[in-house]
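Just so we're clear, the structure is a prediction, and the values are computed from it rather than from any experiment. In listed order, ligands and their atoms are each counted from 1.
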Amino acid sequence: MQTFTFQRVDDPAQAVRLASASTSAQQGASVRFIAGGTTLTDLMKLGVEQPGQLIDINHLPLADIRATPEGGLEIGALVRNSDLAQHEQVKRDYPVLSEALLSGASGQLRNMASTAGNLLQRTRCMYFRDNLSACNKREPGSGCAAIEGIHRSLAILGTSQHCIASNPSDMNVALVALDAQIRILGAAGERTVPATEFFLLPGTTPERENVLQPGDLVTHVVLPAPVSGAHSGYLKLRDRASYEFALASAAVVLHIEAGQVLDARVALGGVGTRPWRSAEAEHALIGATANEATWQAAASAALAHAQPLPGNAFKVELAKRCLAHALATVAKSA
Ligand SMILES: Cc1cc2nc3c(=O)[nH]c(=O)nc-3n(C[C@H](O)[C@H](O)[C@H](O)COP(=O)(O)OP(=O)(O)OC[C@H]3O[C@@H](n4cnc5c(N)ncnc54)[C@H](O)[C@@H]3O)c2cc1C
């Protein structure tokens, strides 16, 4: 039996103080914030996460969605996925985010799942979730069983010889396409990091998935004002129509005028070790004529540097078709 302490907090600064103090006092013994608990408790039951201390953050005043003076939205870390997906302004100005959220998990899970919890969910790689397997992310230096093993659902972009685990979140794909910012409260104060820089590539340190330091609390996700005249959408391809993670997905924000692409933001899910913003696809789109040849060129550019393994080589073509179809669909609505 793995024992842990459980404390409830009602002030963000108190949460950070407690987490930071415990981290240094116990010399790295793990402290975890718990929000909806829909993924952390699973990982604790599997023995993958073994925190000595849980800090319940559900009573923090971080459950609101507010308009920012710049015309964007400030989303509290505890806003539930269902509430965010159904928020009128999100549906109107950021449909890609609403669609991405609604494509994830199930209604019951989305009612519990929080914005920060979704942001920080761990990979679904089966070797990471199995304590008996080699996994550099779970146990640095132990190896990567997935590379020689079953890797059908895993990443083809941003991989390293140490890790090919994919980031499983749908919401994160929309956030990187929307140029969201992540607001963090830590022992040294508050800081803001672009979503595109928040997630780290595995490289030689796959155990480090993001820029958070021990004790850091994510307080908000901030969306910039929507690009005037732009349309957006999310397409997710998976083995079954619901309650399933993406094999490939695409988040697309397009601004088209007089048949020309003026602006484009593109991100891919299910295929990257982090939510994958594609500068290559955007380069192929911006300034080009809005037609099928352009969508195909952008899709090819996005996957040009893919490094598939035998079991997930099919994802290259799947992701291309996913992106081309998402671009065509969003362009039609423009
Ligand atoms: C069966 C199943 C199917 C699913 N399908 C999908 C899917 O198709 N697509 C998809 O995107 N997701 C899917 N999910 C994942 C689901 O979206 C996540 O479980 C959920 O979003 C996590 O949110 P939570 O609030 O429950 O997180 P928790 O479990 O409470 O926490 C998750 C992690 O975030 C940390 N954390 C939470 N809040 C903060 C904070 N404010 N600051 C710092 N750290 C914090 C915790 O310490 C923990 O490490 C699925 C989950 C399940 C169980």
Side-chain angles (χ1 to χ4, degrees), residues 4 6 9 12 15-16 18-20 22-23 30-46 48-63 75-85 97 99-124 128-129 137-138 153 166-176 182-186 190-191 193 198 207 209-221 234 236-249 251 269-270 275:
F4 58 87
F6 184 89
V9 289
V16 171
L18 202 56
S20 308
S22 305
T23 302
S30 60
V31 181
R32 290 282 182 271
F33 297 122
I34 184 160
T38 60
T39 187
L40 181 57
T41 45
D42 271 1
L43 292 173
M44 288 172 69
K45 286 183 209 160
L46 292 168
V48 173
E49 292 265 18
Q50 301 187 343
Q53 185 176 9
L54 279 188
I55 300 176
D56 177 3
I57 58 172
N58 284 289
H59 289 239
L60 298 182
L62 298 174
I75 302 158
L78 289 167
V79 173
R80 304 295 156 176
N81 288 181
S82 299
D83 295 331
L84 185 55
L97 177 57
E99 291 169 18
L101 285 161
L102 291 174
S103 76
S106 64
Q108 290 96 328
L109 283 161
R110 293 193 296 269
N111 287 345
M112 284 301 290
S114 66
T115 302
N118 194 327
L119 187 79
L120 295 166
Q121 63 176 289
R122 313 291 307 271
T123 182
R124 307 300 287 198
F128 170 76
R129 292 169 68 86
K137 190 182 276 302
R138 182 171 29 74
S153 64
S166 46
N167 186 292
S169 166
D170 293 295
M171 181 192 80
N172 290 348
V173 188
L175 292 185
V176 298
I182 313 301
R183 197 173 294 154
I184 300 160
L185 185 64
E190 195 174 82
R191 66 192 195 279
V193 179
F198 181 80
E207 70 279 11
E209 294 177 344
N210 53 55
V211 300
L212 292 184
Q213 297 295 326
D216 278 352
L217 176 78
V218 171
T219 59
H220 301 90
V221 169
Y234 188 73
K236 175 174 178 179
L237 304 181
R238 48 191 155 170
D239 281 332
R240 56 183 177 209
S242 75
Y243 206 44
E244 183 58 283
F245 291 88
L247 287 169
S249 70

So, is Met171 polar-close to ligand 1, with some N/O to N/O distance under 3.5 Å?
-> no
Evaluate the side-chain proximity of Ile57 to Ile34: yes if any heavy-atom separation is below 4.5 Å, no if none is.
-> no
Using modelled atom types only, decide if a donor and an acceptor are shared between the side chain of Ser166 and the backbone of Pro168 within a distance under 3.5 Å.
-> no
Is any N or O atom of Tyr243, backbone or side chain, closer than 3.5 Å to an N or O atom of ligand 1?
-> no
Relative to atom 51 (C) of ligand 1, which among Leu119, Ile182, Leu109 owns the nearest non-hydrogen atom?
-> Leu109
Has Lys236 got any heavy atom lying under 4.0 angstrom from an atom of ligand 1?
-> yes
Do Met44 and Phe4 touch side chain to side chain, with heavy atoms closer than 4.5 Å?
-> yes
Taking atom 28 (P) of ligand 1 as the reference point, the nearest protein heavy atom with its distance = Gly37 N, 3.5 Å
Just by distance, do the side chain of Lys236 and the backbone of Gly269 share a donor-acceptor pair under 3.5 Å?
-> no
Verify, without hydrogens or angle tests, whether Asn58 (side chain) and Ala35 (backbone) share a donor-acceptor contact under 3.5 angstrom.
-> yes
Correct closest heavy-atom pair for Ser114 and Leu78 would be CB-CA, 4.1 Å
Nearest non-hydrogen protein atom to atom 41 (N) of ligand 1, with distance, is Val218 O, 2.9 Å
Can an N or O of Phe33 be found at a distance shorter than 3.5 Å from an N or O of ligand 1?
-> yes
Atom 49 (O) of ligand 1 [closest protein heavy-atom partner, distance rounded to 0.1 Å] = Arg32 CD, 3.9 Å
Those atoms of ligand 1 less than 4.0 Å from some heavy atom in Glu244 | 8 (O)
The atoms of ligand 1 lying under 4.0 Å from a heavy atom of Ser114, numbered in the order shown, are 23 (O), 24 (P), 25 (O)
Among all protein non-hydrogen atoms, which one is nearest to atom 13 (C) of ligand 1, and what is the separation to 0.1 Å?
-> Phe245 CE2, 3.2 Å
One finds that the ligand 1 atoms under 4.0 Å from a non-hydrogen atom of Leu217 are 40 (C), 41 (N), 42 (N)
Would one find an N or O of Leu40, backbone or side chain, under 3.5 Å from an N or O of ligand 1?
-> yes
Ser169 heavy atoms, cut-off 4.0 Å: which ligand 1 atoms fall inside?
-> 11 (O)
Salt-bridge present (Arg122, Glu49; N to O < 4.0 Å) | yes
Would you check if the side chain of Arg138 reaches a backbone N or O of Phe128 as a donor-acceptor pair within less than 3.5 Å?
-> yes
Would you check the N or O atoms of Gly104, main chain and side chain alike, for any that come under 3.5 Å of an N or O of ligand 1?
-> no
Do Tyr234 and Ser249 have side-chain N/O donor and acceptor atoms under 3.5 Å apart?
-> yes
Considering only heavy atoms, does Leu78 approach ligand 1 within less than 4.0 Å through its side chain, its backbone, both, or neither?
-> neither
State, with a plain yes or no, whether a side-chain heavy atom of Thr115 is found less than 4.5 Å away from one of Val218.
-> no
Sub-4.5 Å side-chain heavy-atom contact between Arg80 and Arg110 | no
Does some side-chain heavy atom of Arg129 sit less than 4.5 Å from a side-chain heavy atom of Arg124?
-> yes
Thr41 touching ligand 1 at heavy-atom level, < 4.0 angstrom = no
Ligand 1 atoms nearer than 4.0 angstrom to some heavy atom of Thr39 are 19 (O), 22 (C), 29 (O), 32 (C)
From Asn172, Thr38, Asn81, Asp170, residue fulfilling side-chain hydrogen bond (donor to acceptor under 3.5 Å, both in side chains) relative to Asn118 = Asn81
To the nearest 0.1 Å, how far is atom 19 (O) of ligand 1 from its closest protein heavy atom, and which atom is that?
-> Thr38 OG1, 2.7 Å
Around atom 27 (O) of ligand 1, find the nearest protein heavy atom and jot down its residue, atom name and distance.
-> Gly117 CA, 3.3 Å
Residue portion contacting ligand 1 (non-hydrogen atoms closer than 4.0 Å) for Pro168 = backbone
Hey, does the side chain of Thr39 reach the backbone of Gln121 with a donor-acceptor pair shorter than 3.5 angstrom?
-> no
Determine whether Leu120 and Phe33 make a side-chain contact, defined as any pair of heavy atoms from C-beta on separated by less than 4.5 Å.
-> no
For Gly36, counting its heavy atoms only, list the atoms of ligand 1 lying under 4.0 Å from any of them.
-> 24 (P), 25 (O), 26 (O), 30 (O)
re atom 11 (O) of ligand 1, the protein heavy-atom contact at minimum distance is Asp170 N, 2.9 Å
Close N or O approach (Arg124, ligand 1; < 3.5 Å) = no
What atoms of ligand 1 come within less than 4.0 Å of a heavy atom belonging to Ala116?
-> 38 (N), 39 (C), 40 (C), 41 (N)
List the closest protein heavy-atom neighbour of atom 17 (O) of ligand 1: residue, atom name, distance to the nearest 0.1 Å.
-> Gln121 NE2, 3.6 Å
Give a yes/no verdict on whether any heavy atom in Arg110 is under 4.0 Å from an atom of ligand 1.
-> no
Does a salt bridge link Arg191 with Asp216, judged by any charged N lying under 4.0 Å from a carboxylate O?
-> yes
Proximal ligand 1 atoms for Asn81, defined as those under 4.0 Å from one of its heavy atoms | 21 (O)
So, is Asp216 polar-close to ligand 1, with some N/O to N/O distance under 3.5 Å?
-> no
